[in-house]
Amino acid sequence: MPAVSKGDGMRGLAVFISDIRNCKSKEAEIKRINKELANIRSKFKGDKALDGYSKKKYVCKLLFIFLLGHDIDFGHMEAVNLLSSNKYTEKQIGYLFISVLVNSNSELIRLINNAIKNDLSSRNPTFMCLALHCIANVGSREMAEAFASEIPRILVAGDTMDSVKQSAALCLLRLYKTSPDLVLMGEWTSRVVHLLNDQHMGVVTAAISLITCLSQKNPDEFKTCVSLAVSRLSRIVSSASTDLQDYTYYFVPAPWLSCKLLRLLQCYPPPEDGAVKGRLVECLETILNKAQEPPKSKKVQHSNAKNAILFEAIALIIHYDSEPNLLVRACNQLGQFLQHRETNLRYLALESMCTLASSEFSHEAVKTHIETVINALKTERDVSVRQRAADLLYAMCDRSNAKQIVAEMLSYLETADYSIREEMVLKVAILAEKYAVDYSWYVDTILNLIRIAGDYVSEEVWYRVIQIVINRDDVQGYAAKTVFEALQAPACHENMVKVGGYILGEFGNLIAGDPRSSPLVQFNLLHSKFHLCSVPTRALLLSAYIKFINLFPETKATIQEVLRCDSQIRNSDVELQQRAVEYLKLSSIASTDVLATVLEEMPPFPERESSILAKLKKKKGPGAVSVTEMEDGKREGGELNGGGDRGPDASAMAASNASTPSPSADLLGIRPAAPVSAAPASVGSLLVDVFSEAGPAASSAAVNDEGFLRDLEPPTETSDSLLVEGSGDSDSAPPSEDPAPPLSEADELLNKFVCKNNGVLFENQLLQIGIKSEYRQNLGRMYLFYGNKTSVQFASFTTTVSYPGELQSQLNVQSKPVEPLVEGGAQIQQVLNIECLTDFSEAPLLNIKFRYGGALQNLTLKLPVTINKFFQPTEMASQDFFQRWKQLSQPQQEAQKIFKANNSMDTEVLKAKLLGLGMALLDNVDPNPENYVCAGVIQTKGQQVGCLLRLEPNAQAQMYRLTLRCSKDSVSRRLCELLAEQF
Amino acid sequence: MIGGLFIYNHKGEVLISRVYRDDIGRNAVDAFRVNVIHARQQVRSPVTNIARTSFFHVKRSNIWLAAVTKQNVNAAMVFEFLYKMCDVMTAYFGKISEENIKNNFVLIYELLDEILDFGYPQNSETGALKTFITQQGIKGQFQTKEEQSQITSQVTGQIGWRREGIKYRRNELFLDVLESVNLLMSPQGQVLSAHVSGRVVMKSYLSGMPECKFGMNDKIVIDKQGKGGATDDAAKSGKQSIAIDDCTFHQCVRLSKFDSERSISFIPPDGEYELMRYRTTKDIILPFRVIPLVREVGRTKLEVKVVIKSNFKPSLLAQKIEVRIPTPLNTSGVQVICMKGKAKYKASENAIVWKIKRMAGMKESQISAEIELLPTNDKKKWARPPISMNFEVPFAPSGLKVRYLKVFESKLNYSDHDVIKWVRYIGRSGIYETRC
């Protein structure tokens, strides 16, 4: 009854809503809604025009029904009509409906935009606000396109009401966030910045949100806002609590505005203008002073508002990091909060202190709170606060307090929450290493760590201990003793067994003098843990045993017994079985000299960054990394930063022993006369030679397993990264001369290796270079053997791999640096790891430089890495082949060449060559048996390229016709070029 | 192996909760409420799986009955049990409503203890239950020892559904054949699917332990008899014999005899019970034919004309006829003209409902309606749901006829002729729809 109640209260709507609320079941509700919808439809259909009130009422009902989760497919037109009404309530409902329900429907959007435009240009502030709110709520691209230019004008116009300005600023912010490209400030910039001077606080608060967002994108354009913000801030801070009337919140003047101002300032470096800076410092001091004043109210809102400003101010101080005085004051203020009753405050204080600790000015000040923080770590109820306390302890640690902090963290670890244990362990390990004064303390700490929280000690932590122990002669004896004692505990963690096995295997001899830790006792102690360990640990223990045989010949019988027993030699695990068999054979066949060489003490690991630190960085994400990195940069005090990053696995021991040039190199069977023909002169060859003495059976077994030790070599990510760094180093300090241009015969040499992986790459009167390579999928490993054919040593021997043309982005070759000295008649080995990123046509260049008798030798070769090395053979039936052949029928996918035979056209030779190419040779595919058909897939990092090949020999004419079809045209061409040289 | 049984009202409040097995926790009650009763979308499936727990529910008016289990049970068994449970409750206190359940909750718990033991269904025969679970309360305690032992022997004996020593002055017997006919027809009048599901319900007031034999025009029986010799009889009745697709019987029917001779013989329970259920799909007599005619006149108008024709003997009268013609979702006004009965547009159901009280066979009647539409901005076309129909006719649409029902009681002195028998046929509509 519109006549009865024309006011705002819509009775019909209220009745409808209460009806819905009273429905007993979903069905009843749906029935009621259907009835109402039919009613509204008949009303909207009706020929006589509805008055504004009823229209508003029905649109409201539709909105309510929509919000209940029902589809609404009419009424939009009526809602748009409401927009042109002159009554506020009707307009409001119209805008509400549109912001909730309208999607980007083209015809309606135009009408809506028109209505909004009218409202914006009207002089009525409420209507303008409604329109602005609608734009901000919808925030669609269409809206942005229509109004992005209009709104800044409203925002800066002199005659705009304050409330409208507020809405306009926020509306513009919203549009900027959704479609930044459409909101172009340009000419308005300075006028927007001057809004900071506006009389009305609301306008300033709204504008500052906009300015902060804009200045994050283009800081330069808004640079002027800094001084304005500072003066505004100082006015607020210095005002009495009663000055700002409406904007005083529980006796704090404009807290939101202050926070936003401080946050805006954090986008910029400290102001250069002395006056401005002085004023700002004054402000910050005032804020810090105010924190000391007694609270004006007991209400929590008062202190919240005050602290919010304070924390923003401290964040700004930390951001500037240039005012020692302020930093220390901030630190003291935070120190007070550390003991505050409010958990949130304590949390925030710890968090801010973490960043303070990294500043050089406040580091000392932070350190004074160490006791409180330790106490927080121990007694705090909330785990997230404890976590922050642990972070802070880590951040404030330095040489002076390291022992105390590490001890506290260790003792806390026993009761620590499970969720933060792993991180704690890493932190303890890092701190212990970084600030270790003497290594016995370090070893004690880490062993304690393993004892207390063994499950949370990751591989990296114990790798690191071993690296350090091996690199430092002075701790080895102490480490062996400590480990021995630790192992005597009835139950010790597996990680402890690993460390124990490794260290006793290496340095057990250092404590063997004591009858309480005689070799046999050591062995029995280790072996008593053997059965409780997992397979990798057992494998490590077996290696320790074989090392024992070398260290203590008297234990040989016992250990051989152990190795010989069925549970080792017939173990179901292949790895264990293989180790047991080989070590047994090795111990019984090889002479003590051979044993001593093979099982020599581990060489020191190359010095590099701690892997634990890398792990912690990875764990904490980029945010925290910067802090630790900063510390690293500032206090590079850790003298322990030695040690490589390789997992010190037993095979690694053997491998590195073998590849280390040593005086007894002859033992390894590498003769200078024919270094390459003894092809696999790597670890494998060592064992082959050793076994070949044992007899044909063992030798053939070993040959079958050729390269198994290479497989055992831990192909960890970290070791790869080590290689990268290594090559980086060699790049940075090359010999003065530029690399020589490639040899003229380099291409020819390259062609030799298209169809084979092993052989002699290059030979002259000085040097012989042998190659052995293997490829799997898109990865490959190449062993280069540099043999010195003379009797004089080569000095400053360096090799560099370079990439001509765009090869850099197509292929990735990592190499370890080689020993700079090559003795006369000796041979050194270099390993290259190759990764194919995408298909390529050039070959990487290998530059070798050395001094032979004072003369610099410089030579450049092409590395025989061609695209076909990454072939994966593909078997397919005749039908499949021809189907695919037809699929690849585009002219650019095919490459064809007819050429004369260079070599004999013998079937077997051809077959061997095609197989060496890497593709699968398919029989019974081509109808003509004379023809050869191959199929394969080239594996690159990014994609796979399927290739089909057809070679048709013509014996009479001594000609071949070679056809290649690949899914990538560049590959077809390159392969065709390569292969044409081969036949 | 039902783990538990819950009864909820329409709001999802638990009225009855009985847990039989430990694997069902208290949270199962809430899980069903949250995921089924209060679900955002309507839950169509009667079986819901929530966190490896299965909920089987049936709904009676506003009441939800849910059986819960964690095991892999026979779902058909669970539903059979739930329906039986509903029957038992109806027999005890009438309509299943929230109020009735609240008033009888002690009784319901007592029943639940009796008819489910550790989740295994037990005797759920209303007659038998009524002998020892009574609503009189205290009176039950004063049952004599003899009565108690009699109940024990009956419930544990071979014929658990009938006690001995029943005596009536008048031996009477009522037999109802209740059928519901389901149909889906194309607009052109082609039958897309049709079947009849029927029940034979008996009410018997017979003395002693009578042996009954029921015969109907089942095709297999009649064909067998035809082979047996009485050829003229077969020729006469063969026309009307029906093919029963499948049937189930009350537990009193001797299944072995049915298997071997296909004769239905049984000792009936006392009072009302359902003797058999069956289903037929062939040669169904469709009582009504609906001929729809829908014409769209522009975007804002729709003309509908529906003719119904009754297709049975003119002497019979169909009752409670209701035709429901769905209207589009953007209907803004409807004008209806009908020759017979009353028709009305029901906005809450988005349909025109046309009601006719009575209609004789071989007649026809029609309705025409003009529907005004409101143009909408989404281009979705109206799905045109089928026109549905409800009715009741005094014959069996499957063509089933009761041929005989013989009663033998050897010990007492009454014969088949002394029993007064009443037979009634009622055909109702199930889902009876015609596409338009």
Side-chain angles (χ1 to χ4, degrees), chain A residues 16 19-50 54-55 58-59 61-62 65-81 97-98 101-112, chain B residues 8-13 33-44 59-64 97-99 298-302 324 326-336 344-353 369-383 385:
Chain A
F16 172 60
D19 275 2
I20 296 274
R21 298 252 160 91
N22 289 336
C23 281
K24 291 212 162 172
S25 64
K26 198 134 201 167
E27 291 78 40
E29 184 184 310
I30 290 170
K31 275 190 174 173
R32 179 71 183 87
I33 286 171
N34 278 339
K35 199 175 148 197
E36 193 59 47
L37 283 176
N39 176 36
I40 299 172
R41 279 195 301 261
S42 69
K43 286 288 192 308
F44 282 174
K45 174 79 186 180
D47 300 327
K48 56 180 192 303
L50 284 171
S54 340
K55 229 183 247 174
Y58 293 128
V59 167
K61 282 182 181 176
L62 285 180
I65 293 170
F66 177 77
L67 294 177
L68 281 178
H70 300 266
D71 277 342
I72 296 293
D73 51 8
F74 65 99
H76 300 72
M77 208 51 222
E78 281 72 16
V80 174
N81 286 344
F97 186 90
I98 281 159
L101 256 151
V102 168
N103 42 16
S104 46
N105 184 320
S106 57
E107 43 194 310
L108 270 181
I109 280 284
R110 207 176 312 129
L111 287 172
I112 294 166
Chain B
Y8 302 84
N9 67 4
H10 70 277
K11 287 181 201 153
E13 290 164 350
R33 178 184 33 243
V34 171
N35 289 297
V36 180
I37 301 179
H38 291 164
R40 239 159 218 284
Q41 261 88 38
Q42 206 181 348
V43 176
R44 288 247 179 97
K59 213 179 161 196
R60 285 282 179 274
S61 65
N62 272 335
I63 299 298
W64 301 73
S97 65
E98 182 174 353
E99 200 177 330
R299 272 189 78 200
T300 59
K301 206 166 171 191
L302 201 68
R324 179 176 289 265
T327 55
L329 291 173
N330 53 347
T331 305
S332 61
V334 177
Q335 278 91 46
V336 202
K344 208 179 161 189
Y345 167 58
K346 288 201 172 169
S348 59
E349 291 155 46
N350 282 323
I352 299 168
V353 179
E370 258 182 36
I371 301 171
E372 282 177 59
L373 304 176
L374 190 75
T376 58
N377 35 11
D378 55 346
K379 306 285 178 284
K380 254 187 287 169
K381 238 190 147 216
W382 180 43

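Excluded from the calculations below are hydrogen atoms, water molecules and symmetry mates; all remaining heavy atoms, backbone and side chain alike, are included. Keep in mind the model is a prediction, meaning the values are calculated, not measured. Below, chains carry the letters A, B, ... as their sequence lines are ordered, and counting in each starts from 1.
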query = Between A:E36 and chain B, which part of the residue has a heavy atom less than 4.5 Å away: side chain, backbone, both or neither?
reply = neither

query = So, does B:T327 use its side chain to make a donor-acceptor pair with the main chain of B:N350 at under 3.5 Å?
reply = yes

message = Less than 4.5 Å to any heavy atom of chain A: does that hold for the side chain of B:N330, its backbone, both, or neither?
response = both

task = Measure distances from B:I37 to the heavy atoms of chain A and classify the residue's part below 4.5 Å as side chain, backbone, both or neither.
result = neither

ask   = Would the number of heavy atoms belonging to other residues, nucleotides or ligands and lying under 6.0 Å from NZ of A:K24 be above 12?
value = no

request  = May I ask you to test the A:E29-A:H70 pair for a side-chain heavy-atom distance under 4.5 Å?
outcome  = yes

Distance, nearest 0.5 Å, that separates OG of B:S61 from CG of B:N9 = 11.0 Å

